[in-house]
K.L.:
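Pasting a structure below so you can have a look.
Sequence lines set the chain letters: A, B, ... in the order given, protein chains first and strands last, and positions in each chain run from 1. What you are looking at is a predicted structure, and each value in this text was computed from that prediction instead of being measured. The basis for the numbers below is simple: all heavy atoms, side chains too, and nothing from hydrogens, waters or symmetry mates.
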2 protein chains.
Amino acid sequence: MKDMVKQFDELRRAHLFAQADDAQLATLARVMQEVELAPGDTLFTHGQAAERFFFVRSGRVKLFRISPEGQEKIIEVVEPGQTFAEAVMFMGSQGHYPVNAQAMTDSRLYAFDQKQFLKVLSESSEICLGMLSAMSRRLHMLINQIDGLTLQNATYRLVMYLLEHAPQGLAETTEIELTTPKGVIASQLAIQPETFSRILAKLKRLGLIEVNGNHITLRNLRGLRSLAYVPVPDDTA
Amino acid sequence: MKDMVKQFDELRRAHLFAQADDAQLATLARVMQEVELAPGDTLFTHGQAAERFFFVRSGRVKLFRISPEGQEKIIEVVEPGQTFAEAVMFMGSQGHYPVNAQAMTDSRLYAFDQKQFLKVLSESSEICLGMLSAMSRRLHMLINQIDGLTLQNATYRLVMYLLEHAPQGLAETTEIELTTPKGVIASQLAIQPETFSRILAKLKRLGLIEVNGNHITLRNLRGLRSLAYVPVPDDTA
DNA sequence: ATTTCCCTTTGACTTCGGTCAAGCCGGGTC
DNA sequence: GACCCGGCTTGACCGAAGTCAAAGGGAAAT
């Protein structure tokens with residue numbers, strides 16, 4: 001009993017399930033399956049028929065596309081508490097995964113069968129709204145990515161990444177520990193590892209940051225923001 | 001009475017409303033407002049608080065972002081029968097439009113108030129599913145855009161555009177009438193008008209297409225596809 | 001008919017980021 | 001210790017697409 005409550009709390013970390021009540025989660029818990037992945041394991045591939053979506057319990061999964069030449073572009077790295085591939089279930093009768101999914105580390109997931117989930121969904125407007133909320137977030141994220149890719153240069157994107165991953169505070173200086181290999185970050189930002197390196201070196205030369213391996217010190221947040229700033233009203237209502 | 005039925009059919013052109021029954025649409029029809037726009041009119045801007053979403057009855061509306069330097073990138077051109085900005089309603093209590101919206105032509109829209117619509121939504125799982133379906137389409141579209149922007153070059157994107165807008169058939173030759181100004185297409189593909197022109201000229205030189213103003217003849221579909229082809233299983237189940 | 005305006009095209013040049021190649025560094029293994 | 005290996009960095013070079021500038025062409029206005 002205690003275990004189930006803990007499991008529910010785990011699921012509720014996802015926006016998708018945040019508003020669901022215990023009964024609904026109990027129904028879901030009955031139909032979900034556990035999945036374990038080792039680093040490098042492929043969960044599904046681009047174009048494959050989509051039958052389930054996933055919740056990440058632990059580990060990290062990368063969602064990516066591959067060019068004809070083998071180049072890989074990571075669309076998103078999914079972390080514990082997040083769901084992914086939910087969207088596919090609504091592409092008509094038979095959806096196909098729009099990306100590849102591969103474990104970056106040992107990972108434990110829950111898998112939800114499309115058909116069974118749709119049944120739960122039709123009876124729970126809470127989960128339905130959670131679904132819409134989760135998808136809406138992804139939508140915004142993708143629009144921001146497109147904006148960065150088309151209207152901004154590589155330096156902008158990298159600086160944005162640093163600022164987004166910095167603990168937000170009032171100080172002029174802050175520290176970041178890169179938890180992801182630099183090559184992976186580069187792929188997310190759609191730049192080559194070489195360029196990634198060079199931009200970091202440039203920022204260092206400009207006195208804006210210091211780099212020690214995966215530890216980066218942002219020395220001049222104002223300066224960095226002025227490189228990256230876009231005049232968007234902030235989200236505080 | 002007849003008028004209402006016609007109006008319902010009009011709304012049902014949108015995936016969002018496709019599965020809604022007459023009663024639900026009647027409720028919606030009661031709360032929706034008509035909006036008329038002249039070419040160039042701004043409907044909303046990036047960052048503005050989002051209170052309504054829209055259905056296009058006639059005309060065309062472009063959704064776009066602007067770079068600090070004033071460069072414009074069109075994310076999508078919305079056509080009659082489509083809805084847009086639905087996603088914003090689920091970003092917590094107070095969403096903000098993630099893009100600018102501006103009429104390209106004289107346009108007539110229906111506007112739906114967020115609060116009132118959410119009430120209808122909570123009572124109609126059909127509309128909820130329609131919503132999920134509409135958003136899921138957008139999601140796929142955006143992922144494909146990102147793919148094109150990061151893993152493919154400008155020629156690929158342009159050829160893809162041509163192929164997607166060609167009447168699909170078995171013939172080796174087909175005709176396209178560009179309904180959108182070339183500059184607008186260029187912005188959608190995230191290339192400059194000059195580059196757009198040059199790529200068309202190149203394809204012409206290669207004997208793959210013929211260009212007469214806005215009328216384009218695809219002379220060699222196999223050749224074009226081989227420029228653009230990506231090995232993705234097709235959507236036929 | 002002529003002018004104007006804007007969209008489009010063409011040409012010359014620039015530049016950002018990619019590619020290729022070589023070296024570096026830290027961690028694991030034997 | 002010596003070795004290897006993968007991830008990262010640095011340098012030299014290249015090329016696709018952007019920028020700047022000018023000219024062509026079609027439609028609307030005068």
Side-chain angles (χ1 to χ4, degrees), chain A residues 39-40 62 66-74 104-105 148-162 176-206 209-216 227-228, chain B residues 39-40 62 66-74 104-106 148-161 176-206 209-216 227-228:
Chain A
K62 65 177 176 184
I66 298 207
S67 77
E69 295 79 33
Q71 260 261 4
E72 168 180 314
K73 153 69 179 159
I74 297 177
M104 298 173 64
T105 66
L149 290 170
T150 56
L151 298 174
Q152 257 79 41
N153 61 20
T155 301
Y156 172 96
R157 274 177 265 144
L158 176 38
V159 169
M160 266 319 235
Y161 183 92
L162 293 178
I176 301 178
E177 203 64 35
L178 299 182
T179 55
T180 321
K182 290 180 181 173
V184 172
I185 299 175
S187 169
Q188 287 185 256
L189 301 175
I191 58 190
Q192 299 309 118
E194 294 94 324
T195 306
F196 186 92
S197 231
R198 279 190 203 103
I199 294 175
L200 275 191
K202 182 180 72 182
L203 296 176
K204 204 157 53 176
R205 217 176 316 116
L206 292 172
I209 64 173
E210 272 166 43
V211 184
N212 288 87
N214 287 329
H215 187 86
I216 297 185
L227 277 187
Chain B
K62 65 176 175 183
I66 299 208
S67 76
E69 296 79 35
Q71 261 260 3
E72 170 180 314
K73 154 67 179 160
I74 296 176
M104 297 172 65
T105 66
D106 284 304
L149 290 169
T150 57
L151 299 174
Q152 257 79 42
N153 61 21
T155 301
Y156 172 94
R157 273 176 265 144
L158 175 38
V159 170
M160 267 315 236
Y161 183 92
I176 301 179
E177 202 65 34
L178 299 181
T179 54
T180 321
K182 291 181 181 174
V184 171
I185 298 175
S187 169
Q188 286 185 258
L189 302 175
I191 59 190
Q192 298 310 118
E194 294 95 325
T195 307
F196 185 92
S197 231
R198 278 192 266 266
I199 294 174
L200 275 190
K202 181 181 71 183
L203 295 176
K204 204 159 51 178
R205 216 176 316 118
L206 292 173
I209 64 174
E210 272 164 45
V211 184
N212 287 84
N214 287 329
H215 187 88
I216 297 185
L227 277 187

K.L.:
With sequence neighbours left out, write down each residue that passes ring pair (Phe, Tyr, Trp, His ring centres under 6.0 Å) with A:Phe196, or none if nothing qualifies.
P.N.:
none
K.L.:
Check B:Ile199 against B:Thr155 and note the closest heavy-atom contact, atom names and distance.
P.N.:
CD1-N, 3.8 Å
K.L.:
In degrees, rounded to 10°, what is the bend between the two ends of the helix from C:dA1-D:dT30 to C:dC30-D:dG1, using five pairs at each?
P.N.:
30°
K.L.:
What does A:Gln71 touch in the nucleic acid at a heavy-atom separation under 4.0 angstrom: a base, only the sugar-phosphate, or nothing?
P.N.:
sugar-phosphate
K.L.:
Tell me which one of B:Leu203, B:Leu158, B:Asn153 satisfies side chain to side chain contact (heavy atoms under 4.5 Å, CB included) with B:Leu227.
P.N.:
B:Leu203
K.L.:
Only pairs under 3.5 Å count here: list side-chain donor-acceptor contacts from residues 178-194 of chain B, not counting sequence neighbours, and write none if there are none.
P.N.:
{"residue": "B:Thr179", "atom": "OG1", "partner": "B:Arg60", "partner atom": "NH2", "Å": "3.4"}
{"residue": "B:Lys182", "atom": "NZ", "partner": "B:Gly213", "partner atom": "O", "Å": "3.1"}
{"residue": "B:Ser187", "atom": "OG", "partner": "B:Glu72", "partner atom": "O", "Å": "3.1"}
{"residue": "B:Ser187", "atom": "OG", "partner": "B:Ile74", "partner atom": "N", "Å": "2.9"}
{"residue": "B:Gln192", "atom": "OE1", "partner": "B:Gln71", "partner atom": "NE2", "Å": "3.0"}

K.L.:
Find the distance between CD1 (B:Ile216) and CG (B:Leu200) and round it off to the nearest 0.5 Å.
P.N.:
5.0 Å
K.L.:
Does anything in residues 179-188 of chain A reach DNA chain D, meaning a heavy atom under 4.0 Å, and if so which residues?
P.N.:
A:Pro181, A:Lys182, A:Gly183
K.L.:
With B:Glu69, which residues qualify under side chain to side chain contact (heavy atoms under 4.5 Å, CB included), at least two apart?
P.N.:
B:Ser67
K.L.:
Which two nucleotides bound the region of DNA chain D that has atoms under 4.0 Å from heavy atoms of chain A, read 5' to 3'?
P.N.:
D:dC8 to D:dA12
K.L.:
How would you give the extent of chain B contacts on DNA chain C, as first and last nucleotide 5' to 3' within a 4.0 Å heavy-atom cut-off?
P.N.:
C:dT8 to C:dA12
K.L.:
Can you sort out the partners of A:Thr150 under side-chain hydrogen bond (donor to acceptor under 3.5 Å, both in side chains), two or more places apart, ordered by chain and number?
P.N.:
none
K.L.:
For A:Lys204, what residues pass the side-chain hydrogen bond (donor to acceptor under 3.5 Å, both in side chains) criterion, not counting sequence neighbours?
P.N.:
none
K.L.:
Do B:Met160 and B:Arg157 make a side-chain contact, defined as non-hydrogen atoms from C-beta onward lying under 4.5 Å apart?
P.N.:
no
K.L.:
Could you measure the distance from the NZ atom of B:Lys62 to the OG1 atom of B:Thr105? Nearest 0.5 Å is fine.
P.N.:
11.5 Å
K.L.:
Going by heavy atoms closer than 4.0 Å, what residues in residues 192-203 of chain B are next to DNA chain D?
P.N.:
B:Gln192, B:Glu194, B:Thr195, B:Arg198
K.L.:
Do A:Ile176 and A:Ile209 come close enough that some side-chain heavy atom pair is under 4.5 Å?
P.N.:
no
